[in-house]
Structure formats: structure tokens, C-alpha cells
Amino acid sequence: MTHPENTDVASLMQAAQDHLWMHFSRHSSDRGAEVPMIVRGEGAYVYDVHGKRYLDGLAGLFVVQAGHGRSELAEAAAKQAQELAFFPLWSYAHPKAVELAQRLAAETPGDLNRVFFTTGGGEAVESAWKLAKQYFKLTGKPLKHKVISRQIAYHGTPQGALSITGIPAFKQMFEPLVPGSVRVPNTNHYRADEITGVPGMTPEQYGYWAAERVARAIEMEGPDTVAAVFVEPVQNAGGCFPPPPGYFQRLREICDEYDVLLVSDEVICAFGRLGTMFGGQKFDYVPDIITCAKGMTSGYSPIGAMIASDRLFEPFSNGTEMFAHGYTFGGHPVSAAVALANLDLFEREDLLGHVTRNEPVFRSTLERLRDLPIVGDVRGSGYFWGIELVKDKDTKETFNADESERLLRGFLSKALYDAGLYCRADDRGDPVVQLAPPLICGPKEFDEIESILRSVLTEAWSRL
């Protein structure tokens, strides 16, 4: 006899095949197979529809900072929904958005005191570019509209954010995009020899060289036409490129020299991912704008924000000027209430201190994997790490497109998941495995991650 719940699972699986259009997904790979279906989470773990447990090695998608199943965050949402479920921020305010804006302004560096809410990270990036354009039109520099960003950097999917994104494969189907986006090299020191053509640069030398490429790009485009530089504190796509020492200090000087806004895209790096509330604080720089989202609520409700310096708000603070931009669900009351509860939880459990104390342990645990022939580089910061896979450690030879396809999609992604680790095997640059577990994790989870990676990467190498 068939159990009714089995029938429900079967019909749910079929409905997923028939009706759900998943994001960034090759649907052909699920044809004739089950779509992986996660039904609940607890702490650092998630469980699938069959009851199998997985370590959430990516915090959902760099999101679930406080871990899964936090009843206090769910309760904050329910309480707010009963009191005021929705009201827009279009010429009106509601208490939770005001409280959250004040709370964020108190945590940001410098004079970044003005918070413009969105529903996610791509919208925050879109908002920042629009603000940069309008700000310079209002302050007598109307030609400034271009944006400089880094190769292989991901900044989102809206048309503007996608223009700023430096991954050609993600863009080509949607071109032409918003004009005025210019690319410079990223901070991948592991590949510095081939990026610069100058062998043996120290991290400091490479950091200076990479920052200077931004100055050259501004000069080549014409300083009167460049509005902003968009950079992540630690670049995500390509596999966790931390900034070399001095890089951001030089970049700040360059932006000041040419009157170009420095936008810190912290959609991943804010809210404790690096052990600081905002990513720029880890590397000691103050941007003009911060874009953030994911970890603000630990994912319990969607919200994002563009946080701007007082100087950028100034032209809108008097007269008839308006920033003609907004989102129906931006600063949603329920999301704002959840964000406040999440930040309370950060303080109560000292999550920032926990990440800072455990970063060296996480680093050294992952560094053990360097003895594997397939592991070329281990890099990152805080609870945000990438492991670059190579064909030859001595020459740093990488895999060709066909090998990368077989290695990552043909084997690694599924093998890691089957072994009980949800993480990301990615080849938007060279092939990497990315890890960003919930901030509540510690040595026990690090060891589990290392152990699963060791066995699966060893098997991957034997298949090559």
C-alpha cells in the first residue's frame, strides 16, 4: 500500500518538473531525475524531502548568517505582519523602516547615514548607479555617467547591474545592455603573473598595480565621464579574491582625485560574513555608497539597501529635486522587523566576534587540503572561502572548458551534495569550490567540510 505522504512527495516532484522555472538552472539536467528539494533547516544543516541531512556550506546563498530555524526571527515577522503587514515608503514612513535605517546608519563607517531600501542586492546596485548619474547631473557634472568594475565580478541581474557585471557569458543573451560600463583587472593574486605579464609581484605590488589600472581606465574614458567604481570587498565570482594590502587605500585616493564615487558592493560581504558588520571595515576603507542585502535578515525575509553618504543626499534635501526611483516592497515592514531582530541576535550572540575568533581555524582547516594534487589555491576572508582547482600545481595550469564542464557539472556538484555538503562548484573564472557557511559554525563544522571535500576531491582527481 502506498503511504499518502509518498504520493504527496511524488506529486510535488512532478509539479516541480512541470511548473517551476528555477533560477540559473539547466532544466535538462533534471529531466528524468529528481529536482533536489529542501524542506527544512536547523542550525547549520538543511534536510531534503527524503529526510537526508546536508551541511549548508553556502548559508543558502551567502545569506543565512544566524543559521536555520531561528524561531525569534519567525516570531518577529508574524508579530509585525499582524500589526502592519504592508505600507510603501513612497512619501510615507513606517516605524520599522525608520528604526532599521537609524540602526544601519549607526553601524556604517564615515558619514554613510542615508538608507534607501530595496528588496534585494541587484536592486541596490541598480539604485546606486542611478543615484550616481543623477547626483552628478545635479552638481554640475552632467557628463559623468560611466561605471568601472572588475573582470569576472558579479553585481546582479537587472539591466544596469548586469552591465556592471564582468562575466561575458551571463550578459551576451541580453545585450545590448546599459552603455557606459568599463572593465579593469580584479585582485586575483594567484593569477597575477598572467594578469600583469610581470612575474613574481608581491601582494602589495600587485594591489598597487591593480588599483592603478582603475586610474588608467578613468584617464582613458575621460574623468569628466566617469561617475563611479563598483567593487566588492572580497570579489565573489572567480572564487573569493581578497584585496591585496593597500589596494583599497590607493583606490580611495584615486576616486577622490578624479571625483569618482567609490561604491562598495557588500551584498555578500556585509552583516558578518567577514567578521565585521560591513565589509569595508575589514579592510579599513570608507566608500561613498554601500550596497547590501542578503545577510541583513539572515534570509528570513527579503530586503536590501543602498546606503549613501550625507554628501550624496545633499542635492535632494532642499528645493524641488526628487530621486525618481523606488520599489513597491522596498523596506517592507515585515522584512525591516526581521532585520532588526536579526541584528539584535548578532549582538546577543556576538556573531562578529565568533567569526573573527574562528577565521584562523577555518583557514587552517581548509589549508590542509593543499596537500591534494588538484588544489591550487585556498583564499578568502572571514567565513567566505574559495578553493581553486588546477590540473598542475607547479605550473598552475587550469582545466579547459570541456574538462571544467565534466569536472564541475558532470561530477563535483552532485558528488559533494550526495556526500552531504551543499556548497558551490563554479567556473565563472577558473574552477573553484566556494564555501560560506552560517556564521554560527565552528571547528566541528569546519572539520566536516574538510573531510567531505577531501574525499570528493580525491575521487575527482582519480577520474581525471
Side-chain angles (χ1 to χ4, degrees), residues 22-26 58 61-63 118-133 145-188 191 195 210 213-214 217-218 221 225-243 251 255 260-270 273 279 287-294 304-306 325 327 384 386 401 404 408 424-432 434 436:
M22 292 180 291
H23 301 201
F24 286 104
S25 302
R26 288 190 189 178
L58 208 59
L61 197 63
F62 316 103
V63 171
T118 66
T119 54
E123 289 178 358
V125 170
E126 200 78 359
S127 304
W129 194 0
K130 286 177 80 171
L131 175 61
K133 287 180 176 181
H145 71 282
K146 294 175 188 168
V147 162
I148 292 169
S149 62
R150 301 186 295 200
Q151 284 160 333
I152 324 176
Y154 177 83
H155 291 285
T157 55
Q159 300 272 331
L162 189 56
S163 297
I164 298 171
T165 292
I167 306 166
F170 281 14
K171 298 159 71 145
Q172 54 200 23
M173 290 302 176
F174 309 109
E175 286 170 333
L177 292 164
V178 180
S181 179
V182 179
R183 220 65 60 236
V184 293
N186 57 47
T187 58
N188 182 1
R191 298 277 172 197
I195 292 170
R213 302 285 73 70
V214 176
I218 293 171
E221 292 298 320
T225 71
V226 179
V229 176
F230 279 68
V231 281
E232 298 161 279
V234 175
Q235 183 175 317
N236 168 37
C240 301
F241 304 138
L251 195 54
C255 289
V260 167
L261 304 181
L262 178 55
V263 182
S264 192
D265 184 356
E266 307 194 5
V267 172
I268 289 174
C269 291
R273 182 53 53 197
D288 299 295
I289 297 176
I290 290 172
T291 56
C292 57
K294 298 182 183 287
M306 169 191 73
H325 177 63
Y327 298 100
F384 186 32
S404 192
L408 295 183
R424 176 187 249 173
D426 187 26
D427 62 350
R428 289 175 294 180
D430 294 307
V432 290
Q434 275 186 295

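Scope of the values below: all heavy atoms of this structure, side chains included, with no hydrogens, waters or symmetry mates. Throughout, numbering of the chain's residues begins at 1 and tracks the sequence.
Judged by distance alone, the side chains of Gln151 and Asn188 never bring a donor and an acceptor atom under 3.5 Å apart. If you check the side chains of Thr225 and Glu221, you find no donor sitting under 3.5 Å from an acceptor.
Closest heavy-atom contact between Ala237 and Ile152: CB-O, 2.7 Å. Closest approach of Ile289 and Ala128 over heavy atoms only: CG2-CB, 4.0 Å. Summarising the geometry of Glu126 relative to Ala161, their closest heavy-atom pair is OE1-N, 2.8 Å, with the distance given to 0.1 Å.
Among residues at least two apart or in separate chains, side-chain hydrogen bond (donor to acceptor under 3.5 Å, both in side chains) pairs with a member in residues 152-169 are His155-Asp265.
Taking the six-membered ring for Trp and thresholds of 30 and 60 degrees, Phe62 and Phe384 have ring planes more than 60 degrees apart, a perpendicular arrangement.
Judged by distance alone, with hydrogens and angles left aside, the side-chain atoms of Arg428 form no donor-acceptor pair with the main-chain N or O of Asn236 at under 3.5 Å. A donor-acceptor distance shorter than 3.5 angstrom exists from the side chain of Thr187 to the backbone of Pro242, with no hydrogens or angles considered. Looking at Thr291, its side chain never comes within 3.5 Å of a backbone N or O of Ala124 through a donor-acceptor pair. With hydrogens and angles ignored, the 3.5 Å screen pairs a side-chain donor or acceptor of Glu266 with a backbone N or O of Gly279.
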Mind running side chain to side chain contact (heavy atoms under 4.5 Å, CB included) on Val231 and Leu262 for me, showing each step along the way?
-> CA-CA 8 Å; Val231 281; Leu262 178 55; 3.8 Å; yes
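Atom CE of Met306 sits about 12.0 Å away from atom CD1 of Ile290, to the nearest 0.5 Å. With rounding to the nearest 0.5 Å, the separation of CD in Gln434 from CG in Leu61 is 9.5 Å.
Using a 4.5 Å cut-off on side-chain heavy atoms (C-beta onward), Arg150 and Glu232 make contact.
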